[in-house]
> 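Below you will find the structure I want to go over with you.
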Amino acid sequence: MQRRTATIAERYLAIWSSNDGDAVAGVPYMYGPTVQFYGRPYTQGQLINEKRAAIRQWPLRRYAIRPGTLRVTCNMPQSKCAARSVIDFVVANPTRGTRRAGSARFDLGVSYAGRQPRILYEGGSLGRHREG
């Protein structure tokens, strides 16, 4: 479960870094019916709306786990794992001429209780960033 959780975290960031609809289209497959998203409970529909708004704000996105920062801990009896890392990011909106780059703490919780893994929570906090 530890290795699979690390792969899910990396793949999630790769999908979210894509500049097409894959980031939103994957919500029903990647997330449970409800999810804690940055400290607030969301349904899948609410999460889809939130992610669409983020894509409109930042149509160009790149997120990557900073090498050596990914840590995964698992609770085997509960079939759950948590991934924590520092990510480096660059987001931009060419239409508005805005850009941000920096780092953030990234947390992802995954349940293995069902037939396929599901993200239970996503969170983190913004570290240093630059606007341009």
Side-chain angles (χ1 to χ4, degrees):
M1 285 190 329
Q2 277 188 306
R3 188 173 300 133
R4 193 166 184 195
T5 300
T7 300
I8 288 169
E10 291 167 351
R11 186 172 174 136
Y12 168 83
L13 291 173
I15 290 169
W16 190 234
S17 293
S18 70
N19 297 315
D20 56 26
D22 286 349
V24 173
V27 167
Y29 306 103
M30 295 169 49
Y31 290 87
T34 59
V35 63
Q36 283 292 117
F37 187 71
Y38 290 85
R40 295 182 46 211
Y42 278 72
T43 64
Q44 283 190 358
Q46 290 169 319
L47 186 60
I48 287 169
N49 290 339
E50 185 75 21
K51 289 191 174 284
R52 280 185 181 139
I55 289 169
R56 280 192 303 274
Q57 182 177 3
W58 302 112
L60 301 177
R61 302 169 309 285
R62 185 184 168 287
Y63 300 89
I65 293 173
R66 184 177 292 169
T69 66
L70 181 60
R71 303 287 179 262
V72 177
T73 57
C74 295
N75 181 323
M76 298 300 186
Q78 291 187 7
S79 299
K80 295 179 183 177
C81 292
R84 277 205 158 136
S85 68
V86 173
I87 60 171
D88 295 307
F89 68 90
V90 177
V91 293
N93 187 324
T95 303
R96 290 193 335 235
T98 55
R99 181 181 184 276
R100 249 189 213 169
S103 63
R105 191 185 87 226
F106 177 66
D107 301 321
L108 199 68
V110 181
S111 171
Y112 293 90
R115 287 193 287 160
Q116 67 183 47
R118 297 280 188 192
I119 296 172
L120 298 176
Y121 68 84
E122 177 183 340
S125 61
L126 191 61
R128 298 175 299 112
H129 72 277
R130 300 178 309 282
E131 295 194 34

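Every heavy atom of this structure was used, including side-chain atoms; hydrogens, water molecules and symmetry mates were not.
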> Cut-off 3.5 Å, no hydrogens considered: what does the side-chain donor-acceptor table look like for residues 71-81, sequence neighbours left out?
| unit_1 | atom_1 | unit_2 | atom_2 | d |
| --- | --- | --- | --- | --- |
| Arg71 | NH1 | Gly68 | O | 3.1 |
| Arg71 | NH2 | Gly68 | O | 3.2 |
| Asn75 | OD1 | Gln78 | N | 3.1 |

> Looking at Trp16, is its backbone amide N or carbonyl O close enough to the side chain of Arg61 to form a donor-acceptor pair, meaning the two atoms are under 3.5 Å apart?
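The answer is yes, because a donor-acceptor pair under 3.5 Å joins these two groups.
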
> Does anything in residues 84-118 pair up under disulfide bond (SG atoms under 2.5 Å apart), and if so which pairs, sequence neighbours excluded?
none

> If we only count heavy atoms from C-beta on, is the Gln46 to Glu50 side-chain gap below 4.5 Å?
no

> Any side-chain hydrogen bond (donor to acceptor under 3.5 Å, both in side chains) involving residues 106-119? Give me the pairs, sequence neighbours left out, ordered by first then second residue.
Thr5-Tyr112, Arg84-Asp107, Arg105-Asp107

> Clusters formed by hydrophobic residues whose side-chain heavy atoms approach within less than 4.5 Å: which one holds Leu120, and what are its other members?
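Result for Leu120 is Tyr121.
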
> Output all residues satisfying side-chain contact (heavy atoms from CB on, under 4.5 Å) with Pro41, sequence neighbours left out; order by chain, then residue number.
Gln36

> Given Met30, which partner from the list Val35, Leu47, Ile15 fulfils the side-chain contact (heavy atoms from CB on, under 4.5 Å) test?
Ile15

> Could you give the distance from OG (Ser103) to OH (Tyr63), rounded to the nearest 0.5 Å?
13.0 Å

> Heavy-atom count around Arg40 CZ within 6.0 Å, excluding the residue itself: above 12?
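Counting other residues, nucleotides and ligands, CZ of Arg40 stays at 12 neighbours or fewer.
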
> Short question: side chain of Asp88, backbone of Ala64 - any donor-acceptor pair under 3.5 Å?
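Side chain of Asp88 to backbone of Ala64, a donor-acceptor pair under 3.5 Å: no, none is there.
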
> Within this structure, what is the OG1-CG distance for the pair Thr98 and Leu60, rounded to the nearest 0.5 Å?
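It comes to 9.5 Å.
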
> Let me check something: do Ile65 and Tyr12 share a hydrophobic cluster, defined by ILVMFWY side-chain heavy atoms less than 4.5 Å apart, either directly or through other members?
yes

> Determine, step by step, whether Arg99 and Val90 satisfy the side-chain contact (heavy atoms from CB on, under 4.5 Å) criterion, reporting the C-alpha distance in whole Å, the side-chain angles of both residues, the deciding distance to 0.1 Å, and the verdict.
CA-CA 7 Å; Arg99 181 181 184 276; Val90 177; 3.6 Å; yes

> Are the side chains of Val110 and Arg4 in contact, using a 4.5 Å heavy-atom criterion?
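Sidechains of Val110 and Arg4: no contact.
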
> When clusters are formed by joining ILVMFWY residues with side-chain heavy atoms under 4.5 Å apart, either directly or through shared neighbours, do Val86 and Ile8 land in the same one?
no

> What residue pairs, at least two apart or across chains, pass ring-ring contact (aromatic ring centres under 6.0 Å, His included) with a residue in residues 25-47?
Phe37-Tyr42

> Supply the atom-to-atom distance Gln2 CD to Leu70 CG, rounded to the nearest 0.5 angstrom.
10.0 Å

> Taking the side chain from Thr7 and the backbone from Arg3, do they hold a donor-acceptor pair closer than 3.5 Å?
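Flag set: sc Thr7 to bb Arg3 pair under 3.5 Å.
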
> Under 4.0 Å between a Lys/Arg side-chain N and an Asp/Glu carboxylate O for Lys51 and Glu122?
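Here Lys51 pairs with Glu122 in a salt bridge, since their nearest N and O are under 4.0 Å apart.
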
